[in-house]
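Notes follow the structure.
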Amino acid sequence: MTKTDAERRLADLMMDDVPVMEIPARMATVPSDWFERFKKVRREFMESLSDSIQELSFLNLSQETFMQLLMGRAIPENLSLRWRRPLEYGGELDIKNMFMCPRFPYGQNMDRFIAEQSGNNVLWIPNPAKKIYVPARLLGGGPGGNATSDRLAALAAQFAADRGMI
């Protein structure tokens with residue numbers, strides 16, 4: 001599969017706006033304590049999302065769900081935490097190797113896309129530029145502002161001030 005083939009397949013899966021990165025399809029050893037370490041990194045990642053308010057605003061989260069996410073307590077039901085480079089292919093247990101996206105259909109389509117490459121020497125892995133992948137299809141709107149974005153921006157500012165982050 002070439003990069004062009006990968007981009008074409010992602011377009012078929014309604015994700016023509018997500019960039020891909022090429023990685024060798026060589027399996028790596030995942031540390032036996034990976035899950036304990038993952039829980040810590042997952043929390044750090046969620047707490048780091050205060051810089052992603054704009055992207056979060058397009059996901060229609062309730063105020064309670066939004067705050068639970070920013071405090072590192074819970075991932076919303078229809079969001080999926082993903083690896084930029086999967087651990088089994090040498091990815092690091094680090095927040096820089098993580099992103100979130102809507103689970104259905106986008107997370108499921110990413111899994112399908114990766115599974116379809118089974119047996120290849122090279123894998124093309126979705127690699128969004130930001131911490132939150134918001135498909136272009138969800139970015140509609142028009143003039144007049146975004147009340148959800150404004151509300152969540154105010155909440156995030158208050159959250160950051162309460163934590164002494166400002």
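Within the 4.5 Å cutoff, the side chain of Pro76 has heavy atoms near those of the Leu69 side chain. Under the 4.5 Å side-chain criterion, counting only non-hydrogen atoms from C-beta, Met100 is not in contact with Tyr133. The closest side-chain heavy-atom distance from Leu81 to Met46 is not below 4.5 Å. For the pair Met14/Pro135, no side-chain contact is recorded, criterion being any heavy-atom separation below 4.5 Å from C-beta on.
Looking at every heavy atom in both residues, Leu123 comes nearest to Ala25 through CG-CB, 3.8 Å. Summarising the geometry of Arg9 relative to Arg112, their closest heavy-atom pair is NH2-CD, 3.9 Å, with the distance given to 0.1 Å. Between Asp17 and Ala136, the shortest heavy-atom contact is OD2-N, 2.7 Å. Here the closest non-hydrogen pair linking Asn109 and Leu13 is ND2-O, 3.0 Å. Considering every non-hydrogen atom in both Leu79 and Ile75, the closest pair reads O-CG2, 3.6 Å. Residues Met110 and Pro126 approach most closely at CG-CG, 3.9 Å, considering heavy atoms.
By the salt bridge (charged side-chain N to carboxylate O under 4.0 Å, His left out) test, Arg37 pairs with Asp33, sequence neighbours left out. With sequence neighbours left out, the ring pair (Phe, Tyr, Trp, His ring centres under 6.0 Å) criterion links Trp124 to no other residue. For Arg42, the side chain to side chain donor-acceptor pair (under 3.5 Å) test picks out no residue, with sequence neighbours left out. For the side chain to side chain donor-acceptor pair (under 3.5 Å) test, no residue two or more places apart in sequence or in another chain qualifies with Asn78. For Asp51, the side chain to side chain contact (heavy atoms under 4.5 Å, CB included) partners are Lys131, not counting sequence neighbours.
Side-chain atoms of Ser57 come within 3.5 Å of backbone atoms of Gln54 as a donor-acceptor pair (strictly under, hydrogens ignored). In terms of modelled atom types and a separation under 3.5 Å, the side chain of Ser52 and the main chain of Glu55 share no donor-acceptor contact. Here the side chain of Asp5 pairs a donor or acceptor atom with the backbone of Thr2 at under 3.5 angstrom. In this structure a side-chain-to-backbone donor-acceptor pair under 3.5 Å is missing from Arg43 to Arg73.
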Could you give me the CA-CA distance, side-chain angles and deciding distance for Leu49 and Leu56, then say whether side chain to side chain contact (heavy atoms under 4.5 Å, CB included) is met? CA-CA 9 Å; Leu49 293 175; Leu56 288 170; 4.3 Å; yes
Quick one: do Val41 and Met98 satisfy side chain to side chain contact (heavy atoms under 4.5 Å, CB included)? Show the steps, please. CA-CA 9 Å; Val41 172; Met98 302 171 107; 3.5 Å; yes
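Residue pairs meeting the side-chain hydrogen bond (donor to acceptor under 3.5 Å, both in side chains) criterion with at least one member in residues 83-102, sequence neighbours excluded, are Arg84-Asn127.
Between the CG atom in Asp16 and the CG atom in Leu10 there is a gap of 8.5 Å [rounded to 0.5 Å]. Between the CD1 atom in Ile95 and the OG atom in Ser48 there is a gap of 4.5 Å [rounded to 0.5 Å]. Atom SG of Cys101 sits about 15.5 Å away from atom NZ of Lys130, to the nearest 0.5 Å. Phe38 CZ to Leu87 CG: the interatomic distance, rounded to the nearest 0.5 Å, is 8.5 Å. Here the CH2 atom belonging to Trp34 is positioned 8.0 Å from the CG atom belonging to Leu93, to the nearest 0.5 angstrom. Taken to the nearest 0.5 Å, the CD atom of Gln68 stands 11.0 Å off from the CD atom of Gln63.
Under a 4.0 Å N-O distance rule, the pair Glu36/Lys40 does not qualify as a salt bridge.
In the hydrophobic cluster analysis, where Ile, Leu, Val, Met, Phe, Trp and Tyr join through side-chain heavy atoms closer than 4.5 angstrom, Met15 is grouped apart from Phe104.
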